[in-house]
Amino acid sequence: MENLIDKRQITARVTKITWERIWLHLEVEVAYAEDADKDSGLAFYLINGLFEPKAKLKVTGVDGNTYKLKLNITNPGTGLCLPQGTYSLVICQNKRQMAKAEIAESLVKDMSNASRNFLYGGRAKVYSVTFYVTEGDEGLPFIMYVLAGGRTGISAPVAHNKKGFHPKEELKKQYSKVNKPFKVDLYWKYRKKYKNKSKKTVILFMSEQSTSISTNLKAVKDRMIARGMDKDYVILESYRSSVTTPRMGLQSWLDTLKKMAMADFIFLDDHAPLLDWLIVDKDTTIIQLWHAGAGFKASGYSRWGHIGCPAPYSCHRQYKYGIAGSKNIAHFFSEVWGINDSQVLPTGMPRIDEFLDEDYRSRKTKELYAKYPMCKNKKVILFAPTYRGKNKATAYYPYELIDFERLYELCGDEYVVLFKMHPWVAAEVPIEEKYKDRFADVGKYPNINDLFYFTELLITDYSSNIFEYSLMRKPMLFFAFDEIQYSFSRGFHRAYEESAPGKVCHTFDEVLRAIVEKDFEYPKVEEYVEKHFDYIDSHASDRVIDWIILGQLPDSVKKDLAEDAAINKELETLDFKP
């Protein structure tokens, strides 16, 4: 690439550096010489010390001569973190290097505040992004240094015993070193043995979070069988719970690895920890059918740097596709998984096929009134928040924040309240006997979506249950008593109060008042539906099957995938050497 930087036809300086979770935002002010080309567009690249382009920043807006840029450091478009290195920002025009960005003098004093450390691996490792100016250079060149490091000792080492090591910890290390390589080797032996052995395409429905099939996996599998595809395809299943059974038996591993080795397609329903370290054959297509429609809680790489976040390389990096309800919200999912927006297909959620089926709805509604007769001729309020706590073992809900007596009085002859807590919350709702004619704990009811049919008002917080419920086009309230703390510890992947499809309350008094005054801010529901659903029908499972298994991707999806591939190809071929 021709280097015209010294001609100074264009000069540029970074005037602002900000962060939005894993997104780096830069504002770059560009100045043109009198005879410079002011009409051709500009492209912005991060170039490492070996003159290799490792990322092309996305231009999100232009205000006069100021360009607004953004970059996802966990996935600059390659499906991997921005590599370690020392980067400069080079501005190009018509495939020519025109300028190397400098730092505005007014920004220099704040550069250390703009640097970020993202902790992972149990807070024992860090991915660090540092901005600085070097000594001895003319001007103030923009320099960004990326480093991945680990915890090191800061004091003299202390021996645990006479031999200088801790036997138990050493045993754990050896077990890990031997166990994982053995399983990887076994997978590839199985792969060699079974690959192409079957003349039929092999589909594996797999969960490492549950011992039974459910939600999106079940919907797609059932639809394949309904279409008679089980005659032309081999359908395999593997369901295990790494949460409740972290150490699987040998036979479980043999069965799972064999099925994975046989599979042409692997459909997942959530994070599969074994795929954090087992890299499958490139000819195997992995698809994530995550259950979450689109809530607020940050997950995966959206919460990088928070406790429990993934490592730089994880299971998510192996997805060829994921799914979402609409193209508008694809970026929420791609951010979570560390893949590109184009890989998130707006098929809709397969589990909603049954939810939208009128015959199913009619049948379930009758069953619900029979099961909960207290709801007949009443307006049903469903209280269904998410859990608090770090994981399933520590999950809870602070029931003391609910004023049961005042809520009971409010119900009068108009309302009844059903409490459906998150499945991880083991403690039952403390409903006193005197309240049981208007309150009921329905935590053991298997499918929350069914309950939406006769619910008039949903009270939740940060849960993704709003996704399906919004299609009922009924009001919601959000009891977000810990919004500030939750946003700091767990993180949101979008502005909470702006995005919640209903009124946000921070105290239970506000919740009660909103119910009495029927102040639900309902128009937000209609806006939510418009944004989150490209299709409102019962054919999402068919789209997953047709687009992914049968390879019938829409032209618009093919175009987006091709554009991303072209950018990555460009990064591989551009030459920034002096």
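Below, each value reflects all heavy atoms present in this structure, side chains not excepted, and no hydrogens, waters or symmetry copies.
To the nearest 0.5 Å, atom OG1 of residue T347 and atom CD1 of residue I548 are 6.5 Å apart. Taken from CZ in R303 to CZ in R21, the straight-line distance is 12.5 Å, to the nearest 0.5 Å. Between atom NZ of residue K569 and atom CD of residue E572 there is a gap of 5.5 Å, rounded to the nearest 0.5 Å.
Ring to ring, F118 and W19 are close: their centroids are under 6.0 angstrom apart. If you look at Y462 and F478, their ring centroids are not closer than 6.0 Å. With ring centers used as reference points, F467 lies under 6.0 Å from F533. Residues Y127 and Y120 place their aromatic rings such that the two centres sit no closer than 6.0 Å. Taking the six-membered ring wherever Trp is involved, the centroid distance between the rings of W547 and Y321 does not fall below 6.0 Å.
Using a 30° and 60° split on the angle between ring planes, W337 and F333 fall in the tilted class, from 30° to 60°. Using the six-membered ring where Trp is involved, H422 and W424 have ring planes that are perpendicular, over 60° apart on the 30 and 60° scheme. Classification of the F452-Y469 ring pair by plane angle, with boundaries at 30° and 60°, yields perpendicular. Using a 30° and 60° split on the angle between ring planes, Y453 and F355 fall in the parallel class, below 30°.
For the pair D546 and R227, the salt-bridge criterion is met [side-chain N within less than 4.0 Å of a carboxylate O]. With respect to the salt-bridge test (charged N to carboxylate O, under 4.0 angstrom), the residues E2 and K95 do not qualify. The existence of a salt bridge linking K189 and D185 is confirmed by a sub-4.0 Å separation between a basic side-chain nitrogen and an acidic carboxylate oxygen. We find that K577 and E52 are not joined by a salt bridge, their nearest charged nitrogen and carboxylate oxygen being 4.0 Å or further apart.
Y445 and D450 form a side-chain donor-acceptor contact under 3.5 Å, judged by distance and modelled atom types alone.
With R543 contributing its side chain and G348 its backbone, the two residues share no donor-acceptor pair below 3.5 Å. Of the possible polar contacts, none joining the N72 side chain to the G77 backbone as a donor-acceptor pair under 3.5 Å is found. In this structure, the side chain of E29 does not engage the main chain of A12 through any donor-acceptor pair within 3.5 Å. With hydrogens and angles ignored, the 3.5 Å screen pairs no side-chain donor or acceptor of D270 with any backbone N or O of S207. Of the possible donor and acceptor atoms, none in the side chain of R240 sits under 3.5 Å from a partner among the backbone N and O of S210. A donor-acceptor contact shorter than 3.5 Å is absent between the side chain of D264 and the backbone of T284. Between the side chain of T455 and the backbone N or O of L451, at least one donor-acceptor pair lies under 3.5 Å. Here the side chain of N48 pairs a donor or acceptor atom with the backbone of F51 at under 3.5 angstrom. No donor-acceptor distance shorter than 3.5 angstrom exists from the side chain of K54 to the backbone of L46, with no hydrogens or angles considered. Formation of a donor-acceptor pair under 3.5 Å by the T256 side chain with backbone atoms of S252 is found in this model.
The number of heavy-atom neighbours closer than 6.0 Å to NZ of K195, taken from other residues, nucleotides and ligands shown, is above 12. The 12-atom threshold is exceeded at CZ of R116, counting heavy atoms of other residues, nucleotides or ligands nearer than 6.0 Å. In K524, the NZ atom is crowded: over 12 heavy atoms of neighbouring residues, nucleotides or ligands sit closer than 6.0 Å. For K68, the NZ atom sits in a loose shell: 12 or fewer heavy atoms of surrounding residues, nucleotides or ligands are nearer than 6.0 Å. Within a 6.0 Å sphere centred on CD of E563, heavy atoms belonging to other residues, nucleotides or ligands number more than 12. Within a 6.0 Å radius of NZ in K559, other residues, nucleotides and ligands contribute 12 heavy atoms or fewer.
The side-chain contact (heavy atoms from CB on, under 4.5 Å) test with L42 is passed by exactly one of I10, N94, V59: I10. Partner K327 forms a salt bridge (charged side-chain N to carboxylate O under 4.0 Å, His left out) with one of D534, D341, D560 and no other, that one being D560.
The minimum heavy-atom distance linking I323 with P350 is given by the pair CD1-CD, 3.5 Å.
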